[in-house]
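This is a predicted model, so every value here is computed, not measured.
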Amino acid sequence: MKDALRRSPTSRPVRAMIHTLVAIGGVAALSWEILWQLQASLALGVSARGTAIVLAATMAGLTFGALIGGRWLARVRSHPIRLYGALEAAIGLSGLLMLPGFRALERLDTALYGAAPALAPGLHALAIVLLLGPATLAMGATIPVFSRIASAHHTSLAGLYGINTVGAAAGSLLIAFLFIPTLGVSQTVQLVAGLNLFVFCLTHLLPAAVAAESDGSSGERRTPRLAPFTAGAMVFCTGFTTFGLEVAWFRSLRAAFQSVTDSFAIMLASVLLPLGVAARLVPRLRRTQVHPALLLGAAGLLALLATPVVERMDVLARAPDDYAWVLLRRFLLSLATLGPSMLLLGTVLPWLLEDYGEPRSCGWLYGINTAGSVLGALLGAWVLLPSLGFARASWLLGAGVVVFAAAQRGGRRGVAMAVAGAGALVVAVTQTSSVGRERVVGLPDFDDLEIVAYDEGPDSTASVVSDSSGARGLVIDGFLASSEGVGGGRYMEMMGTLPMLLHPEPRAALVICFGTGQTANAVRREHPERLDVVDVNPSVLEMGRHFRSNEGVLEDPRVRAVAMDGRAWLRRSEQRYDVVTLEPMPPYFAGVNALYSREFYEIVASKLETGGVVAQWLPFHLMPPFYAASAAATFAAVFPDSILWMHPSEPTGILLGRVTGTSVPLATDWPGFARSGEPHAYPADEVRASVALDASRLARYASLGQVISDDNQLLAYGAIRRQLADRDRKSVVENVNLVRRIARTELSRPAASPPAALEP
């Protein structure tokens with residue numbers, strides 16, 4: 001009776017529950033991967049190397065998990081659904097240890113750089129592997145378990161894989177637009193772990209007879225169409241090409257869409273969704289008897305044809321409508337452009353998983369695919385992009401997969417595929433927009449720009465451009481980050497001058513984020529004994545020589561340039577400073593929240609000498625009022641002796657704070673004017689008059705906002721980008737008017753009674 005029950009067709013409700021479990025597992029898996037990258041950037045600093053370490057550790061865990069799980073399942077009988085539940089429980093419980101684990105890694109990182117910096121990269125990798133190992137091993141083992149579930153319930157293994165991948169696509173959107181914005185990081189970790197444990201509980205609601213494995217017979221035994229070596233080569237090729245193209249295309253799309261978490265989420269979803277749909281289509285495609293190599297070759301052709309469109313995405317994606325429509329437009333464009341090639345690439349692995357069927361073979365096929373994926377991602381970021389640029393890298397990957405597929409197919413069809421590939425390559429080359437030579441992605445409205453310098457590195461793409469008037473700008477991932485020779489930009493000098501003037505004798509100074517070097521040069525003009533300049537992007541430091549306004553500051557023997565995340569440098573270095581000043585990328589860019597958070601300012605305070613001064617850029621044109629007030633609230637929470645200075649001719653603010661107060665308030669103490677006999681860009685009276693808010697009024701302004709932290713990620717995952725886009729340029733006027741209203745209020749008014757409430 002029990003055997004008959006096991007062999008009977010699975011009911012629709014049971015099959016629907018299985019599909020639900022697998023989809024939830026996909027949501028949780030992708031959520032964990034995003035959380036790991038976020039926490040690693042805080043623990044190790046924002047860098048391509050840190051990203052590579054996390055990616056390699058994740059993929060290695062998936063690979064070994066699939067191989068070990070496949071070998072183990074080949075020798076034992078099990079309840080596959082409950083085994084899947086146990087794996088999900090292991091992932092969730094491991095995830096709960098993530099936050100304390102990454103905090104321990106941060107302490108280890110600090111100790112390593114002080115004792116043995118040369119050993120740090122290797123020990124970082126080891127620590128990440130140990131931290132992510134249990135969860136990633138369990139994730140990888142789910143693939144061979146899927147094969148047992150498919151066998152037991154007479155369903156498609158490719159279909160299960162596809163549902164899991166579609167769940168991952170949903171996870172990339174949910175964590176960016178719902179989980180972290182609503183709950184913050186800590187509660188999101190608990191929620192995602194809860195999803196894993198929910199799957200575990202549901203697997204125990206199924207009757208034991210339903211959850212149990214069948215006798216392994218799912219109909220007739222099939223002989224795989226492709227030999228093991230050929231199958232392994234094909235899944236390695238698809239993994240390598242998929243991730244290589246993802247790295248190359250995402251680099252261009254980051255510039256077109258701006259490097260924000262919203263854009264990354266929709267780009268990731270536009271890749272994962274076609275991969276999931278492809279797996280669901282595999283059972284139908286198999287019935288057509290089409291050869292997988294034909295699908296692989298067609299994917300390469302479409303990749304070649306898509307690249308000229310990806311190059312021009314900054315032009316295609318422009319939309320004057322509200323931000324929700326902007327995001328939808330970007331998603332649809334990404335899906336239409338990237339989707340066809342990803343759809344065809346995504347058929348090969350599930351096709352061969354279905355073809356081989358049994359757990360051990362599924363384990364090694366998936367393991368080979370993930371090995372190819374990590375190699376494609378690393379080579380794409382570290383070799384192909386820097387040496388070829390994203391367009392040529394895409395051509396190479398697309399043409400390479402066509403050649404591979406043509407060789408696998410052979411005969412006349414193989415020759416025809418190669419000829420078609422050559423034609424597609426000609427189209428891609430002739431239709432290129434010459435990115436890096438004639439234009440810069442992200443600046444479609446500037447026709448008279450000359451590209452002075454261009455570099456695509458592992459971290460980002462940086463360009464120096466010049467217009468017909470001779471003005472020059474620094475463009476990072478499509479954003480005009482800094483400029484010289486135009487009407488604005490004088491505030492950058494004040495970012496360096498003001499904190500130096502507020503200190504009686506600044507011997508050691510630190511500038512985080514170099515830009516065009518005007519801030520660093522302004523600091524140097526105040527004659528510190530030592531000046532450290534730290535920028536996460538080595539290309540930016542290299543391109544400093546193209547800007548005359550910095551007067552060759554990096555060539556000064558007193559100046560030390562360091563290519564590193566500024567927060568990581570402060571935490572790792574034993575240096576202490578009298579002045580720290582920083583002008584990060586836009587606050588809503590991915591990773592920049594870490595330079596506006598309470599935890600960052602606490603690190604800064606710990607590295608300042610007694611009486612040390614810190615300056616932080618407050619860009620009113622890039623922050624709606626609630627978020628600008630929140631930035632001020634966070635700064636004042638750590639530096640209560642602080643002021644807000646506003647440039648007299650440019651609508652931007654500079655927060656200035658002191659680590660320890662004195663009997664003289666910061667707003668009235670400018671000892672630098674008496675210290676230096678050299679003339680300054682602005683008279684002392686004008687500098688003093690431009691103090692918009694003293695400490696008391698700044699506290700009132702800060703009460704309108706919320707303290708930004710590493711946990712709430714208010715700038716990265718909040719509604720800042722939507723509000724800024726919907727308000728257009730009104731944020732500048734709103735911010736300036738709000739500050740002026742507060743400046744006119746009587747000091748006797750209680751700080752707890754702000755002039756008006758702001759909505760986040």
Side-chain angles (χ1 to χ4, degrees), residues 23 26-27 29-34 37 51 55 58-59 62 161-177 235 237-257 259-282 295-296 298-300 302-307 309-311 313 316-317 327-350 366 369-370 372-378 380-381 384-385 390 393-394 397-398 401 590:
V27 171
L30 204 284
S31 298
W32 283 126
E33 292 180 28
I34 292 175
Q37 289 286 1
T51 301
L55 175 64
T58 301
M59 291 301 186
L62 295 176
Y161 180 81
I163 291 170
N164 188 256
T165 306
V166 171
S172 69
L173 299 175
L174 287 171
I175 197 166
F177 294 104
V235 296
C237 179
T238 57
F240 182 92
T241 305
T242 299
F243 272 68
L245 286 172
E246 184 177 317
V247 167
W249 285 344
F250 277 20
R251 173 59 57 80
S252 180
L253 293 179
R254 275 172 54 186
F257 298 162
S259 185
V260 297
T261 52
D262 291 357
S263 294
F264 180 76
I266 64 173
M267 289 188 298
L268 194 56
S270 68
V271 168
L272 290 171
L273 186 60
L275 294 178
V277 171
R280 294 288 292 168
L281 292 176
V282 162
L295 299 173
L296 191 59
L302 291 174
L304 289 168
L305 297 175
T307 298
V309 182
V310 174
E311 288 184 80
M313 195 64 76
L316 299 173
L327 289 179
L328 178 61
R329 182 183 178 91
R330 289 175 179 176
F331 174 70
L332 294 176
L333 284 170
S334 299
L335 191 63
T337 306
L338 279 58
S341 56
M342 290 295 167
L343 181 75
L344 293 176
L345 282 170
T347 61
V348 177
L349 175 62
Y366 185 73
N369 179 262
T370 54
S373 299
V374 69
L375 184 61
L378 295 179
L384 297 181
L385 278 177
F390 96 88
S394 301
L397 290 164
V401 77

Where do Phe264 and Gln37 land on the side chain to side chain contact (heavy atoms under 4.5 Å, CB included) test, with the steps shown first?
CA-CA 13 Å; Phe264 180 76; Gln37 289 286 1; over 6 Å; no

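- Leu349 is listed as a side-chain neighbour of Tyr366, based on a closest heavy-atom distance under 4.5 Å.
- A distance-only check finds a donor-acceptor pair linking the side chain of Arg329 to the backbone of Leu316 [under 3.5 Å].
- When all heavy atoms of Gly244 and Leu397 are compared, the pair lying nearest together is C-CD1, 3.4 Å.
- Heavy atoms only, all atoms of each residue included: Val401 and Gly300 are closest at CG1-CA, 3.2 Å.
- At least one side-chain heavy atom of Phe257 sits less than 4.5 Å from a side-chain heavy atom of Met313.
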How far apart are the C-alpha atoms of Val282 and Tyr161, what are their side-chain angles, what is the distance that settles it, and do they pass the side chain to side chain contact (heavy atoms under 4.5 Å, CB included) test?
CA-CA 10 Å; Val282 162; Tyr161 180 81; over 6 Å; no

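- Between Leu268 and Leu30 the shortest side-chain heavy-atom distance falls below 4.5 Å.
- Cys237 contributes atom SG, which lies 5.0 Å from atom CG of Leu296 (distance to the nearest 0.5 angstrom).
- When all heavy atoms of Ala265 and Ala176 are compared, the closest pair comes out as CB-CB, 3.5 Å.
- Within the structure, side chain to side chain donor-acceptor pair (under 3.5 Å) contacts touching residues 261-279 (residues at least two apart or in different chains) are Asp262-Tyr323, Ser263-Arg330.
- Between Leu174 atom CG and Ile34 atom CD1 the span is 10.0 Å, to the nearest 0.5 Å.
- Between Ser394 and Val310 there is no side-chain heavy-atom pair separated by less than 4.5 Å.
- The CG atom of Leu338 lies 12.0 Å from the CG atom of Leu273; values are rounded to the nearest 0.5 Å.
- Side-chain contact between Leu281 and Thr347: absent, with no pair of heavy atoms (C-beta onward) separated by less than 4.5 Å.
- Across every non-hydrogen atom of Ala306 and Thr337, the tightest pair is CB-O, 3.6 Å.
- The heavy-atom pair separating Leu335 from Pro274 by the smallest distance is CD1-CG, 3.7 Å.
- Among all heavy-atom pairs drawn from Leu305 and Val309, the shortest one is O-CG2, 4.0 Å.
- Inter-residue side-chain proximity for Trp249 and Val271 is flagged as unmet; no heavy-atom pair is nearer than 4.5 Å.
- Taking OG1 from Thr165 and CG from Leu275, the interatomic distance works out to 6.5 Å, rounded to the nearest 0.5 Å.
- Summarising the geometry, atom OG belonging to Ser334 is positioned 7.5 Å from atom CE belonging to Met267; distances are rounded to the nearest 0.5 Å.
- Side-chain contact between Phe390 and Glu311 is present, with at least one heavy-atom pair separated by less than 4.5 Å.
- With hydrogens and angles ignored, the 3.5 Å screen pairs no side-chain donor or acceptor of Ser252 with any backbone N or O of Ala248.
- Here the CG atom belonging to Leu345 is positioned 4.0 Å from the OG1 atom belonging to Thr242, to the nearest 0.5 angstrom.
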